[in-house]
Undergrad: 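Quick one: structure below, then a few questions.
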Amino acid sequence: MDYKVIYVPPSGTTQHTQHGWIATLGDVCVGHIRMQQESGRRLKFLDAWVHEDYRRKGIFRRLWETRWKFVQENYKGFKAYAWAKPMSLPLLIEKGFDEGDTCVYVEKEI
């Protein structure tokens with residue numbers, strides 16, 4: 001599969017600067033990943049998504065590794081954190097993140 005990853009730089013100025021990367025196959029977006037630069041030298045790893053037709057092909061890992069390389073090259077001394085779903089936790093542990101407390105999502109329509 002010949003897809004490429006494109007960096008989407010932040011636009012404008014806000015308190016929290018967001019960076020993004022998009023995986024494309026031709027002119028179709030097949031995945032994305034983002035991060036947010038926060039005050040106090042903190043980076044929040046945000047959501048990642050891969051189109052259901054293209055999952056289990058290494059796209060998530062390539063997006064994650066691309067962001068990780070960007071962080072290592074540009075954010076020495078920052079602290080990165082993330083809220084991880086069970087499927088993505090092994091990759092974060094592999095990269096040296098410490099597992100925190102478990103958090104459960106709940107919702108209710110009002």
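Note that these values count all heavy atoms, side chains included, but never hydrogens, waters or copies made by symmetry. Here, residue 1 is the first one in the sequence, and each next residue gets the next number. For clarity, every value in this text was computed on a predicted model and none was experimentally measured.
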Undergrad: Determine, stepwise, if the pair Leu89 / Glu99 fulfils side chain to side chain contact (heavy atoms under 4.5 Å, CB included).
TA: CA-CA 8 Å; Leu89 184 58; Glu99 185 175 353; 3.7 Å; yes
Undergrad: Ignoring hydrogens and angles, write down the donor-acceptor pairs under 3.5 Å from the side chains of residues 28-41, residues two or more places apart or on other chains.
TA:
residue: Arg34; atom: NE; partner: Asp47; partner atom: OD1; Å: 2.8
residue: Arg34; atom: NH1; partner: Gln18; partner atom: OE1; Å: 2.6
residue: Arg34; atom: NH2; partner: Asp47; partner atom: OD1; Å: 2.7
residue: Gln36; atom: OE1; partner: Gln18; partner atom: NE2; Å: 3.0
residue: Gln36; atom: NE2; partner: Glu38; partner atom: OE2; Å: 2.9
residue: Gln37; atom: OE1; partner: Tyr75; partner atom: OH; Å: 2.9
residue: Glu38; atom: OE1; partner: Tyr81; partner atom: OH; Å: 2.9
residue: Glu38; atom: OE2; partner: Tyr81; partner atom: OH; Å: 3.0
residue: Arg41; atom: NH2; partner: Lys76; partner atom: O; Å: 3.0

Undergrad: Do the charged groups of Glu65 and Arg61 touch, with an N to O distance under 4.0 Å?
TA: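 A salt bridge is present here (some side-chain N lies under 4.0 Å from a carboxylate O).
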Undergrad: Would you compute the distance between atom OG1 of Thr24 and atom CD1 of Ile6 and round it to the nearest 0.5 angstrom?
TA: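 Reported to 0.5 Å precision, the distance equals 4.0 Å.
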Undergrad: State which residues pass side chain to side chain donor-acceptor pair (under 3.5 Å) with Lys44; sequence neighbours excluded, sorted by chain then number.
TA: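 Expected list: none.
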Undergrad: Check whether Leu63 and Leu25 end up in the same hydrophobic cluster, where Ile, Leu, Val, Met, Phe, Trp and Tyr are linked by side-chain heavy atoms less than 4.5 Å apart.
TA: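 Same cluster.
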Undergrad: If the plane angle is over 60° it's perpendicular, under 30° parallel, otherwise tilted; pick one for Trp68 and Phe45.
TA: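 The rings of Trp68 and Phe45 stand perpendicular, inter-plane angle above 60°.
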Undergrad: State, yes or no, whether a side-chain contact exists between Arg62 and Val5 at a heavy-atom distance under 4.5 Å.
TA: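 Yes, close enough: below the 4.5 Å cut-off.
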Undergrad: Donor-acceptor pair, distance only, cut-off 3.5 Å: does the side chain of Ser88 make one with the backbone of Ala84?
TA: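 No; zero donor-acceptor contacts below 3.5 Å.
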Undergrad: Measure the acute angle between the ring planes of Trp64 and Phe97, then classify it against the limits of 30° and 60° as parallel, tilted or perpendicular.
TA: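 Rings of Trp64 and Phe97: perpendicular, over 60°.
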Undergrad: Is there a ring pair (Phe, Tyr, Trp, His ring centres under 6.0 Å) between Trp21 and Phe70? Walk through the geometry before answering.
TA: CA-CA 10 Å; Trp21 293 262; Phe70 180 84; 5.3 Å; yes
Undergrad: Please report the closest heavy-atom contact between Gly58 and Tyr3, naming both atoms and the distance.
TA: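 Smallest interatomic distance, heavy atoms only, reads O-OH, 3.5 Å.
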Undergrad: Among Ile93, Leu91, Leu92, find the one that has a side chain to side chain contact (heavy atoms under 4.5 Å, CB included) with Lys95.
TA: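 When side chain to side chain contact (heavy atoms under 4.5 Å, CB included) is applied between Lys95 and each of Ile93, Leu91, Leu92, only Leu91 qualifies.
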Undergrad: Between His19 and Tyr7, does a side chain to side chain contact (heavy atoms under 4.5 Å, CB included) hold up when you go through it step by step?
TA: CA-CA 8 Å; His19 300 263; Tyr7 173 63; 2.5 Å; yes
Undergrad: Just verifying a value: how many Å separate Arg55 CZ and Ile59 CD1, rounded to the nearest 0.5 Å?
TA: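 So the CZ of Arg55 and the CD1 of Ile59 are separated by 10.0 Å.
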Undergrad: Could you list the residues that satisfy side chain to side chain donor-acceptor pair (under 3.5 Å) with Asn74, not counting sequence neighbours?
TA: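 Side chain to side chain donor-acceptor pair (under 3.5 Å) list for Asn74, sorted by chain: empty.
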